[in-house]
Protein chains: 2
Amino acid sequence: MPAMPPVLPHPAAAAPTEPADGTPAFSPLYQQIKGLLTRELQAGVWKPGEAIPSELELASRFKVSQGTVRKAIDELAAENLLVRRQGKGTFVATHAEQQVQYRFLRLMPDDGVPRDMARRLVDCQRLRAPAPVARALDCRSGDAVIQMRRLLLAGGRPVVFDEIWLPGSLFKGLTAERLAEYKGPMYGMFEAEFGVRMIRAVEKIRAVAADASSAPMLGLPVGSPLLSVERLSFTYGDRPVELRRGLYNTEQHFYRNELN
Amino acid sequence: MPAMPPVLPHPAAAAPTEPADGTPAFSPLYQQIKGLLTRELQAGVWKPGEAIPSELELASRFKVSQGTVRKAIDELAAENLLVRRQGKGTFVATHAEQQVQYRFLRLMPDDGVPRDMARRLVDCQRLRAPAPVARALDCRSGDAVIQMRRLLLAGGRPVVFDEIWLPGSLFKGLTAERLAEYKGPMYGMFEAEFGVRMIRAVEKIRAVAADASSAPMLGLPVGSPLLSVERLSFTYGDRPVELRRGLYNTEQHFYRNELN
DNA sequence: AAGTGGTCTAGACCACCTG
DNA sequence: AGGTGGTCTAGACCACTTA
C-alpha cells in the first residue's frame, strides 16, 4: 500500500488560481514562508549574528515539511539576509564580524590584494534635506537629515572622499563622537546601534573632474579625473535609508565588478 | 511496510571521505551531474537557444532522481548557462534573441530608460599580441590576435569607444565586412559564427582623462573625464577569450551596478 | 551522542504550454 | 491530452559541529 497521498491542497496554498483583477498572484508555500521569515527579521525577532530556529523547528512551527522551509531559507541566504553554516545552524547576516571589512566597497588596489583602509571623519552635522536628497531618501524636502563627510586612506594617502546622507528620524543621537569611537565598519554600527540594516544598494557610476572642494581633500589638482559613485542603500521592504556619494581616486585603485 | 530504503550509497557518490592529499574533495551527486551537463554544453551537444532533454529524461539517463537533476539545472540556470521556461523546457542560454540587447553593458541614460544604441566600426585588423594583451588572454606575446575598435552612439552622438582584443586562433575569418553585416549583439555573432560563448566577465573601472586619440572619437576636448571599463570575458572552464577596454562618456549616461 | 544543515529518493499534484 | 517545469511531502542517510 503506497503512502497516503495528500487529499487536499495545503491550506496556506489555497489561493484562487486567477483573481478578478488579472494579476497572477499565485504564491507557492515556500514564498509565503519566506515572507513570514522576512517579517520576523524585519521586526528584529532575531538579531544580526544570532541563529534562527532550526529547519525542523520552523517546519513544525509552520506546519510544512522541512524541504519547504529549506527552499525559503535558500532564497534568503542567496539574498544575503541569512547565512547557513553546516552543523551549526542558520544565522542572521551582519555587516560586523565579517571577513570582508566593507561588504559594499568594490575598490581594489592595483595589485589586487585587498588591504584595510583607515577612516578619517571630516565633519558630521544635522541639517534640512535638500530637494534631491529628500527625493532619493523618500522623505520631505526640509526634513531633518544627517550629513557626514569622511575620507578613506590607503597607506596614509586619501583615496575615497565620501559624503553620506542619512534620514534623521532613523539615526537619532548619531554624532561625530560616536562615529569616531566605533571600531569596525560603519554599517555594523548602524545595525548594532540604530537597528538599521543595509540589505542591498544600487550605484550610479560616472567619471567627473575634481572640483575646488574635493581636490584638496584627496590631495589632487583641480580637474583630475575621479570616479563618482552614487550609492542608494535599502533596508527591508526596499526602503531607502542612505544616500552616499563617493569620489574615488583611481590612480592606484580600481572598482571591481563581476558580470554573469 | 515502509518503502524500501536504499541499501547502498549511490555508486556515483561513493567518493572517499578524505583523500590522502588533504583537499576536501567530496562531491555531491548533483555537482557531478552539473559537471557532466557543463561538459556537454561546452562540447556543443546542444546549441545556444536549443532545448536540452527534460529533467525526467536526464534523470533516467544518469540513473538519479529528478530532484537531483533539478538541483544541478538550478545552479546552471543561476549562472545563466541555462534558461528554464515552465511548460516548455530548459534551454541553452544565448546572447542573441534576448530581451536585453547587451547583456554585459551596464550603461544607462540619465533618464533611466534603456534605448538601443547604434554601432559604428572604426577599424579591425590582425596583429601580434602586445605583452599585456597576451598576458590577459593567456596566450604568448606575439601570437596572432584581432584588434577592433568601434563606437556606440546614442541619439547620433558617440558615447562609448571600445577597443577589443580577441585571440586569433578562435576567430579565424573575422573581418570588418562580416562584423558590419551582422545584425544583433556582437556576442550573439561570436556564438553563432565562431562557437565562442561568453559566460562571465570581470571589469576594472577607473576614471581617466581623454587623450589625443580618444577625445576626437567621442567629440570631447582632451582632458575630459571618461570612465575606463576594462573587461575580461571568459568562456567555459574560465578560459579568457576577450579583452576589451571601453571609454564611456558619462555626461548623459551612468554605469549602473547593484550590490547585495 | 545529539543536533544542525546538506544530499537524495520516490511519488503526488499543480501551473503552464502545445497540439 | 500529454509533456514540461514547479511545488510539496516524508523519510533516509551523510557531513559537520559541539558537548
Side-chain angles (χ1 to χ4, degrees), chain A residues 1-19 23-34 50-60 62-78 82-92, chain B residues 1-19 23-34 50-60 62-78 82-92:
Chain A
M1 179 173 167
M4 187 67 134
V7 195
L8 289 174
H10 193 285
T17 300
E18 181 73 18
T23 48
F26 150 78
S27 185
L29 243 190
Y30 76 89
Q31 288 282 6
Q32 303 178 39
I33 305 294
K34 184 182 168 188
E50 285 181 7
I52 71 170
S54 76
E55 296 180 352
L56 282 169
E57 158 71 17
L58 290 169
S60 84
F62 293 133
K63 302 282 210 309
V64 299
S65 78
Q66 184 193 9
T68 300
V69 169
R70 190 167 180 75
K71 179 140 189 177
I73 292 179
D74 276 345
E75 294 210 349
L76 292 171
L82 296 175
V83 177
R84 321 191 76 138
R85 284 186 219 144
Q86 179 169 155
K88 300 181 71 174
T90 300
F91 299 80
V92 181
Chain B
M1 178 175 171
M4 187 66 135
V7 195
L8 287 174
H10 193 287
T17 301
E18 182 72 18
T23 46
F26 151 79
S27 186
L29 243 191
Y30 76 89
Q31 288 283 6
Q32 302 178 40
I33 305 295
K34 184 181 167 189
E50 285 181 8
I52 71 170
S54 78
E55 296 180 353
L56 282 170
E57 158 72 18
L58 290 170
S60 84
F62 293 132
K63 302 279 209 314
V64 299
S65 77
Q66 184 193 8
T68 299
V69 170
R70 189 165 180 75
K71 179 140 189 178
I73 292 179
D74 275 345
E75 295 209 349
L76 292 170
L82 296 175
V83 177
R84 320 191 74 135
R85 285 185 217 144
Q86 178 169 151
K88 299 181 72 173
T90 300
F91 300 80
V92 181

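We use all heavy atoms of the structure for the numbers below, so side chains are in, but hydrogens, waters and symmetry mates are not. Note on naming: letters A, B, ... go to the chains in the order of the sequence lines (proteins, then strands), and numbering restarts at 1 for each one.
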Worksheet item: Whole Å only: how far is the NZ atom of B:Lys71 from the P atom of C:dT9?
Response: 13 Å
Worksheet item: Between A:Thr68 and A:Tyr30, which heavy-atom pair has the shortest distance, and what is it?
Response: O-CB, 3.6 Å
Worksheet item: Just how far is it from atom OG of A:Ser65 to atom NZ of A:Lys71, taken to the nearest 0.5 Å?
Response: 12.0 Å
Worksheet entry | B:Thr68 vs C:dT9: side-chain N/O to OP1/OP2 distance below 4.0 Å | yes
Practice prompt. Ignoring hydrogens and angles, tell me if any N or O in the side chain of B:Glu55 forms a donor-acceptor pair with the backbone of B:Val69 under 3.5 Å.
Written response: no
Worksheet entry | Integer-rounded Å distance: C:dA10 P and B:Leu29 CG | 12 Å
Discussion item. If you compare all heavy atoms of A:Leu82 against all heavy atoms of A:Val92, which two are closest, and at what distance to 0.1 Å?
Written reply: CD2-CA, 4.0 Å
Worksheet entry | Gap between atoms CD and C1', on A:Gln31 and C:dA15 respectively (whole Å) | 15 Å
Worksheet item: Going through the checks in order, is the side chain to side chain contact (heavy atoms under 4.5 Å, CB included) test met by A:Arg84 and A:Asp74?
Response: CA-CA 9 Å; A:Arg84 321 191 76 138; A:Asp74 276 345; 2.5 Å; yes
Worksheet item: In whole Å, what is the span from the CD atom of A:Gln32 to the C1' atom of C:dC14?
Response: 14 Å
Worksheet, complete the sentence: On a heavy-atom basis, the closest approach of A:Leu58 and A:Ile52 is CD1-CD1, 4.1 Å
Discussion item. Rounded to whole Å, please give me the gap between OH in B:Tyr30 and C1' in C:dT9.
Written reply: 16 Å
Worksheet item: Roughly how many Å is it from CG in B:Asp74 to C1' in C:dG6, rounded to a whole number?
Response: 15 Å
Practice prompt. Would you kindly give the CZ-to-P distance between B:Phe91 and C:dC17, to the nearest whole Å?
Written response: 12 Å
Polar pairs (N or O, both sides) under 3.5 Å between protein and nucleotides 2-5 of chain D?
unit_1, atom_1, unit_2, atom_2, d
D:dG3, N2, B:Gly87, O, 3.0
D:dT4, O2, B:Gly87, N, 3.3
D:dG5, OP1, B:Thr90, OG1, 3.3
D:dG5, OP2, B:Glu55, N, 3.0

